Number of protein chains: 2
Amino acid sequence: MSPAKNAEILKKSLIFSSLNEDELSALAGLAAERSFQPDEFILWEGDEPDYFYVVAEGQVKVVKNSSTGREFIIAFFGPGEMFGEVAVFEGKPYPASAQATSACRILAIKRQSFLDFLATRPQVALRIINILGGRLRDAQGRLKDFAGERVEQRLARILLMLASRMGTTLRFTRQELADMAGTTTETAIRVTGGLSERGIIITSRGQIIIADEAKLKALAEGPPEI
Amino acid sequence: MSPAKNAEILKKSLIFSSLNEDELSALAGLAAERSFQPDEFILWEGDEPDYFYVVAEGQVKVVKNSSTGREFIIAFFGPGEMFGEVAVFEGKPYPASAQATSACRILAIKRQSFLDFLATRPQVALRIINILGGRLRDAQGRLKDFAGERVEQRLARILLMLASRMGTTLRFTRQELADMAGTTTETAIRVTGGLSERGIIITSRGQIIIADEAKLKALAEGPPEI
DNA sequence: CGCCTATTTGAAAACCGTCAAAGTATGTGG
DNA sequence: CCACATACTTTGACGGTTTTCAAATAGGCG
């Protein structure tokens with residue numbers, strides 16, 4: 001892929017949209033493109049943070065494994081979104097693994113090149129602060145959910161969050177939903193089964209369609225009032 | 001309190017230690033000092049993000065309330081640490097409330113003044129990226145714990161985290177621990193009681209001393225292997 | 001068709017929350 | 001200095017939610 005094409009991709013991302021043509025070219029020159037097959041790992045938790053990544057095409061999931069072997073999905077990222085950044089900024093090993101969920105093209109920028117680039121672009125730094133702030137807000141909100149809410153509410157909120165990012169047709173398996181909600185596949189099936197019976201969602205293999213977003217929101221807010 | 005004293009406080013914080021005397025004075029000039037009594041609220045979840053805050057003296061807790069009325073403690077902050085920053089950067093309402101846990105002196109900087117200051121100081125922006133990155137790493141780690149680990153492990157990890165920041169003598173009530181671990185006071189008491197019987201910690205009213213950090217770490221890693 | 005993965009269902013058990021009651025430190029005011 | 005209020009800690013019993021284990025069904029692809 002040409003550097004010009006890379007610049008196109010970077011321009012579309014939230015982080016770099018403020019850059020002018022020259023800056024985009026400079027950054028694109030630093031980026032190497034890599035391709036990954038579905039289920040292939042892009043980086044592993046514990047690896048040295050040598051690269052900063054931006055998704056060009058496809059979808060990536062960021063996961064951590066618990067001591068009991070269960071997988072926890074921190075987030076999905078699509079075109080224009082960055083990942084692996086926390087480790088790059090801190091210079092510590094990646095805190096989670098990243099795995100392609102579809103055929104992917106990924107832009108990789110060497111850690112030090114990116115930090116140097118950033119040191120002279122306060123606007124980009126501010127943009128990154130914004131994105132990190134948003135992710136932190138999100139993580140702390142989820143933390144509260146995990147601490148205090150039932151599985152049904154957690155799943156409802158996750159479905160709503162996914163819907164706000166990807167529309168009402170969600171191509172995820174129950175197992176992926178379970179791994180996002182911090183529960184088991186069986187429980188996720190039982191809960192989505194309940195939602196399906198109540199006409200709130202329509203389920204099929206590997207896919208969930210949100211049929212009644214209003215009811216789902218009511219459910220996410222709290223337990224059905226008596 | 002004099003601006004010079006404010007500059008002293010700011011200098012000691014991680015975020016601003018890279019500033020020179022002039023810059024510190026400029027920033028200190030923007031800061032207003034406020035005092036709070038124990039249990040007094042500094043800001044409320046949902047408020048407009050008018051100020052960015054730095055703790056000068058005392059301790060602050062940041063909390064969210066769940067739909068069932070339970071309190072969840074996101075973090076404690078001490079001298080030199082900032083809070084309310086996510087809202088300030090995003091321009092959205094504070095995502096959580098902040099409450100003094102002891103008599104506090106707090107520096108408050110107007111949102112726009114701080115953003116203007118930041119726009120011309122890339123070094124400070126990078127420092128903030130670092131801090132946000134650290135907090136994000138922390139939040140995502142806790143998220144995984146909440147999703148996959150038992151209460152005993154969650155509590156063990158919280159005790160270790162607190163110990164790494166404050167030493168082995170922890171002045172927190174069981175209820176505060178429960179609110180950090182996302183459990184109930186009773187369960188927190190039962191679990192700490194168990195740890196106490198095994199000689200891993202020493203408990204007394206409003207205080208926990210970590211007696212055997214190695215055992216606590218083993219416990220935090222996973223359930224006791226058979 | 002056959003295989004692999006995803007979904008489904010059932011039953012038992014574990015973990016933890018809830019409710020209730022009582023005991024114990026700490027500080028306050030008389 | 002004592003009585004009292006308050007907050008923190010402790011204990012027990014019970015029940016509900018969720019996990020675990022096991023087995024069966026069904027969709028999609030070569």
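Just so it is clear: chains get the letters A, B, ... in the order the sequence lines come, proteins before strands, and each one is counted from 1. None of these values were measured; they are calculated from a predicted model.
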Legend entry - Side-chain (B:R154) to main-chain (B:A181) donor-acceptor, under 3.5 angstrom: yes
Legend entry - Distance, rounded to the nearest Å, where B:D179 contributes CG and D:dA7 contributes P: 15 Å
Legend entry - Euclidean distance, atom CZ of residue A:R154 to atom C1' of D:dT17 [Å, nearest integer]: 11 Å
Inset, instruction - Round to the nearest Å and state the distance from A:F146 atom CZ to C:dC16 atom C1'. - result: 17 Å
Legend entry - Nucleotide of D:dT19, D:dT11, C:dT7 approaching B:I189 most closely (side-chain heavy atoms): D:dT11
Inset, instruction - Report the residue (B:S204 or A:T183) whose heavy-atom-nearest nucleotide on DNA chain D is the more 5′ of the two. - result: B:S204
Inset, instruction - Measure the distance from CD on A:E149 to C1' on C:dG17 and round it to the nearest whole Å. - result: 14 Å
Inset, instruction - Sugar-phosphate means primed atoms, P, OP1 and OP2; the rest is base. With that split, encode nucleotides 20-30 of chain D 5' to 3' as B, S or - using protein heavy atoms under 4.0 Å. - result: BB----BBS--
Inset, instruction - Using atom CD1 of A:I201 as one end and atom C1' of C:dT7 as the other, report the distance to the nearest whole Å. - result: 13 Å
Legend entry - Whole-Å gap separating C1' (D:dT18) and CD (A:Q153): 14 Å
Inset, instruction - Return yes if some donor-acceptor pair links the side-chain N/O of B:E221 with the main-chain N/O of B:A218 below 3.5 Å, else return no. - result: no
Legend entry - Cation-aromatic face contact A:R127/A:F16, 6.0 Å, 45 degrees: no
Inset, instruction - Using atom types as modelled and distance alone, determine if a side-chain donor or acceptor of A:R165 lies under 3.5 Å from a backbone N or O of A:F76. - result: yes
Inset, instruction - Could you please name the option among D:dT18, D:dT11, C:dT8 that lies closest to any side-chain atom of A:R174? - result: C:dT8
Inset, instruction - Drop me the distance from B:Q37's CD to B:S102's OG, to the nearest 0.5 angstrom. - result: 10.5 Å
Legend entry - Nearest-nucleotide comparison on DNA chain C, the residue closer to the 5′ end among B:V191 and A:T173: A:T173
Inset, instruction - In whole angstrom, give the distance that lies between atom CD of A:Q175 and atom C1' of C:dT8. - result: 14 Å
Inset, instruction - Would you indicate what B:G193 reaches in the nucleic acid, counting non-hydrogen atoms under 4.0 angstrom: base, sugar-phosphate, or nothing? - result: nothing
Legend entry - Interatomic distance where CZ belongs to B:F72 and P belongs to C:dG17 [whole Å]: 13 Å
Inset, instruction - Using the six-membered ring wherever Trp is involved, compare the ring planes of A:Y51 and A:Y53 and label them parallel, tilted or perpendicular (cut-offs 30° and 60°). - result: tilted
Inset, instruction - Count the heavy atoms belonging to other residues, nucleotides or ligands that lie under 6.0 Å from CZ of B:R34, then report whether that count exceeds 12. - result: yes
